[in-house]
K.L.:
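Shown below is the structure under consideration.
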There are 2 protein chains.
Amino acid sequence: MSRARRLLDLIQVLRRHRRPVAGAVLAEEVGVSLRTLYRDIETLKAQGAHIDGEAGVGYVLRPGFMLPPLMFSEEEIEALVLGSRWVSERADGPLGKAARNLLAKIGAVLPGDLKDGIDASGLLIGPGAPIAAGDAELGAIRQAIRSERKLQVAYADERGRATKRTIWPIALAFYDRVRVVVAWCELRNGYRHFRTDRITALKSTPKRYPRRRIALLKEWRTLKEIPEQ
Amino acid sequence: MSRARRLLDLIQVLRRHRRPVAGAVLAEEVGVSLRTLYRDIETLKAQGAHIDGEAGVGYVLRPGFMLPPLMFSEEEIEALVLGSRWVSERADGPLGKAARNLLAKIGAVLPGDLKDGIDASGLLIGPGAPIAAGDAELGAIRQAIRSERKLQVAYADERGRATKRTIWPIALAFYDRVRVVVAWCELRNGYRHFRTDRITALKSTPKRYPRRRIALLKEWRTLKEIPEQ
DNA sequence: TGGCGTACTGTCAGTTTTTGTCAGCAGTCA
DNA sequence: TGACTGCTGACAAAAACTGACAGTACGCCA
């Protein structure tokens with residue numbers, strides 16, 4: 001197995017372990033000596049991987065994705081840049097910032113004559129309809145979705161009726177003007193949609209919801225296809 | 001210099017030359033023997049680079065971008081997926097397809113447990129307002145923008161007055177419901193905006209416009225900041 | 001405090017990979 | 001046809017990688 005391949009494998013192995021892993025364990029899993037493992041970790045760090053090593057503890061990989069060398073066509077890059085610009089303009093603050101970081105990161109590795117390529121991409125996002133409020137909490141909502149944790153929300157429905165609910169957020173949908181949380185609602189015992197601008201208060205909880213998000217998402221998608229009464 | 005680094009360099013060198021380049025020239029530029037260069041080209045092709053070699057002619061790199069190994073944070077990947085989904089749903093057909101290819105390409109290199117990660121990303125694009133017509137020509141417009149070539153268009157303005165113009169397209173702006181071509185208009189001798197749904201006919205020409213697109217784009221941006229009369 | 005588990009570094013010999021040289025075949029173009 | 005070029009195989013030299021061993025440093029815990 002080539003060295004480059006082994007390095008990718010090492011990242012995967014690291015990803016599998018959520019807790020810190022000892023170098024010796026990693027070395028065994030990828031089939032090299034401990035000394036070589038240290039060298040590999042060094043190489044990966046040099047390539048930008050976020051690996052934290054602590055004496056007496058082990059290694060952890062900060063959440064993220066490592067991509068191997070990849071070739072994109074012009075149109076694919078255009079799509080990437082346009083999409084990131086849309087996120088940058090129309091999504092909430094932190095996500096928009098991530099989109100700009102993404103572009104900066106890609107720009108940084110392109111040779112000089114291509115850096116402007118990204119800035120000067122011919123595809124632009126026009127200003128759109130003003131987006132309804134409720135941005136401040138989106139970061140927390142995304143975090144809850146990622147980590148599959150329950151949220152407590154105070155919600156005012158379209159008729160202004162206020163309720164307090166515990167929900168299992170499974171997705172966040174971006175419309176032109178509003179954002180909608182898709183969630184299982186413990187109060188109603190069913191899937192419900194919550195416009196973020198109508199969430200009057202939100203509290204993250206440390207409680208994980210009892211099913212996997214992917215399964216819930218699949219179930220919700222199936223239900224959606226059945227016309228409602 | 002590491003081999004991986006040299007391969008990236010080689011891609012850059014190839015990008016610089018628009019005409020076919022002899023392997024001997026490339027070998028000299030990256031500082032290796034011809035034999036090694038052939039081996040490098042082979043490796044790059046195996047990694048997915050679109051390099052065409054023809055005996056008696058030389059090498060050409062089909063337009064595109066090669067990215068080195070890159071680490072993205074969770075939020076950056078979320079932004080990438082969400083942005084690509086927006087492009088996939090809301091941009092024109094070919095670009096949308098490119099966005100889907102982009103995601104597939106990234107999904108393909110991720111280890112098994114992450115592939116669904118992309119499909120199951122918790123961020124969705126909601127259905128939006130119907131988009132005004134004029135999609136069919138977008139591919140040709142983007143092509144003209146990329147290659148800095150003039151377009152002949154028949155245009156009906158907001159009051160229905162029809163004109164025929166030769167324009168230098170420099171950008172394409174995506175609004176919620178319409179798409180707008182930003183261009184220098186030879187008829188009006190100035191920058192004008194054309195809604196794609198009001199372009200009644202469009203013809204690509206092989207004529208390059210006389211200035212660089214980046215410069216025009218910069219000029220247009222400056223002019224925009226001056227309030228119009 | 002001492003012991004344990006761990007990250008990390010240096011050195012060096014053996015192994016593997018990469019590289020250059022040479023030789024030859026095949027395709028393109030004028 | 002001849003000049004130029006892509007492409008492949010073989011082999012030895014050069015370079016990089018690897019494993020083993022020795023040693024240091026750091027954090028945790030009894």
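The figures that follow rest on heavy atoms only: side chains count, while hydrogens, waters and symmetry mates do not. Proteins come first, then strands; the chains are lettered A, B, ... in the order of their sequence lines, and each starts at number 1. These figures come from a predicted structure and were not determined experimentally.
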K.L.:
Go through residues 2-11 of chain A and report each residue with a non-hydrogen atom lying under 4.0 Å from DNA chain D, sorted by number.
P.N.:
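Within residues 2-11 of chain A, the residues near DNA chain D are A:Arg3, A:Arg6.
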
K.L.:
Quick check: on DNA chain D, is the nucleotide nearest A:Val57 upstream (toward 5') of the one nearest A:Gly31, or the reverse? Name the residue that is more 5'.
P.N.:
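In this pair, the answer is A:Gly31.
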
K.L.:
Categorize B:Val21 for me: base, sugar-phosphate, or nothing, with a 4.0 angstrom heavy-atom threshold over every strand shown.
P.N.:
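Counting heavy atoms under 4.0 Å across all strands, the contact made by B:Val21 is with sugar-phosphate only.
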
K.L.:
Test A:Leu151 against A:Ser204 for side chain to side chain contact (heavy atoms under 4.5 Å, CB included), laying out the working first.
P.N.:
CA-CA 5 Å; A:Leu151 283 176; A:Ser204 300; 4.0 Å; yes

K.L.:
Can you confirm if the NZ or CZ of A:Arg15 lies within 45° of the ring axis of A:Phe65 and under 6.0 Å from the centre of its six-membered ring?
P.N.:
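Yes - A:Arg15 lies over the ring of A:Phe65, closer than 6.0 Å to its centre and within 45° of its axis.
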
K.L.:
Identify, with sequence neighbours excluded, every residue that meets ring-ring contact (aromatic ring centres under 6.0 Å, His included) alongside A:Tyr38.
P.N.:
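Applying ring-ring contact (aromatic ring centres under 6.0 Å, His included) to A:Tyr38 gives none.
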
K.L.:
Rounded to the nearest angstrom, tell me the gap between atom CD in A:Glu28 and atom P in D:dG19.
P.N.:
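Roughly 12 Å, once rounded to whole Å.
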
K.L.:
Between B:Lys164 (side chain only) and B:Ala201 (backbone N and O only), is there a donor and an acceptor less than 3.5 Å apart?
P.N.:
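The answer is no, because no donor-acceptor pair under 3.5 Å joins these two groups.
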
K.L.:
Provide the full list of salt bridge (charged side-chain N to carboxylate O under 4.0 Å, His left out) pairs with a residue in residues 44-57 of chain A, sequence neighbours left out, each pair given once.
P.N.:
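Checked against salt bridge (charged side-chain N to carboxylate O under 4.0 Å, His left out) - neighbours excluded - the pairs reaching residues 44-57 of chain A are A:Asp52-A:Arg62.
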
K.L.:
A:Phe72: which residues meet the ring-ring contact (aromatic ring centres under 6.0 Å, His included) condition with it, sequence neighbours left out?
P.N.:
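Per chain and number, A:Phe72 pairs via ring-ring contact (aromatic ring centres under 6.0 Å, His included) with no residue.
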
K.L.:
Determine whether more than 12 heavy atoms belonging to other residues, nucleotides or ligands lie under 6.0 Å from atom CZ of B:Arg212.
P.N.:
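No - once you tally the heavy atoms of other residues, nucleotides and ligands closer than 6.0 Å, there are 12 at most.
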
K.L.:
Which salt bridge (charged side-chain N to carboxylate O under 4.0 Å, His left out) pairs, counting each pair once, include a residue from residues 21-39 of chain B, with sequence neighbours left out?
P.N.:
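The answer is B:Arg16-B:Glu29.
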
K.L.:
Got a sec, which residues hit side-chain contact (heavy atoms from CB on, under 4.5 Å) with B:Arg5, two or more places apart in sequence or on another chain?
P.N.:
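Checked B:Arg5 against side-chain contact (heavy atoms from CB on, under 4.5 Å); matches are B:Met1, B:Ser2, B:Asp9.
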
K.L.:
Can you name the ring-ring contact (aromatic ring centres under 6.0 Å, His included) partners of B:Tyr209, sequence neighbours left out?
P.N.:
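Checked B:Tyr209 against ring-ring contact (aromatic ring centres under 6.0 Å, His included); matches are B:Trp168.
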
K.L.:
What pairs with B:Ser88 under side-chain hydrogen bond (donor to acceptor under 3.5 Å, both in side chains), at least two apart in sequence or on another chain?
P.N.:
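Expected list: B:Arg100.
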
K.L.:
Taking five pairs at each end, how big is the angle between the two axes of the helix from C:dT1-D:dA30 to C:dA30-D:dT1, to 10°?
P.N.:
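Roughly 40°, once rounded to the nearest ten degrees.
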
K.L.:
Check side-chain hydrogen bond (donor to acceptor under 3.5 Å, both in side chains) between B:Tyr191 and all other residues, then give those that pass, not counting sequence neighbours.
P.N.:
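Once residues adjacent in sequence are excluded, the partners of B:Tyr191 under the side-chain hydrogen bond (donor to acceptor under 3.5 Å, both in side chains) criterion are B:Glu219.
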
K.L.:
Find every protein N or O atom lying less than 3.5 Å from an N or O atom of nucleotides 7-11 of chain D, and list the pairs.
P.N.:
from: D:dC7; atom 1: OP2; to: B:Tyr59; atom 2: OH; distance (Å): 2.5
from: D:dG9; atom 1: N7; to: B:Arg35; atom 2: NH2; distance (Å): 3.3
from: D:dG9; atom 1: O6; to: B:Arg35; atom 2: NE; distance (Å): 2.9

K.L.:
Can you tell me if A:Thr36 touches the phosphate of D:dT18, counting only side-chain N or O atoms and a distance under 4.0 Å to OP1 or OP2?
P.N.:
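A:Thr36 to D:dT18 OP1/OP2: no side-chain N or O under 4.0 Å.
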
K.L.:
Using a heavy-atom cut-off of 4.0 Å to chain A, what are the terminal contacting nucleotides of DNA chain C, in 5' to 3' order?
P.N.:
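The protein-touched segment is C:dG5 to C:dT11.
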
K.L.:
Between B:Gly56 and A:Val32, who's closer to the 5' end of DNA chain D by nearest nucleotide?
P.N.:
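On the 5' side of the pair lies B:Gly56.
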
K.L.:
Between A:Phe174 and A:Trp86, how do the two ring planes meet: parallel, tilted or perpendicular, split at 30° and 60°?
P.N.:
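If you compare the ring of A:Phe174 with that of A:Trp86, the planes turn out perpendicular.
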
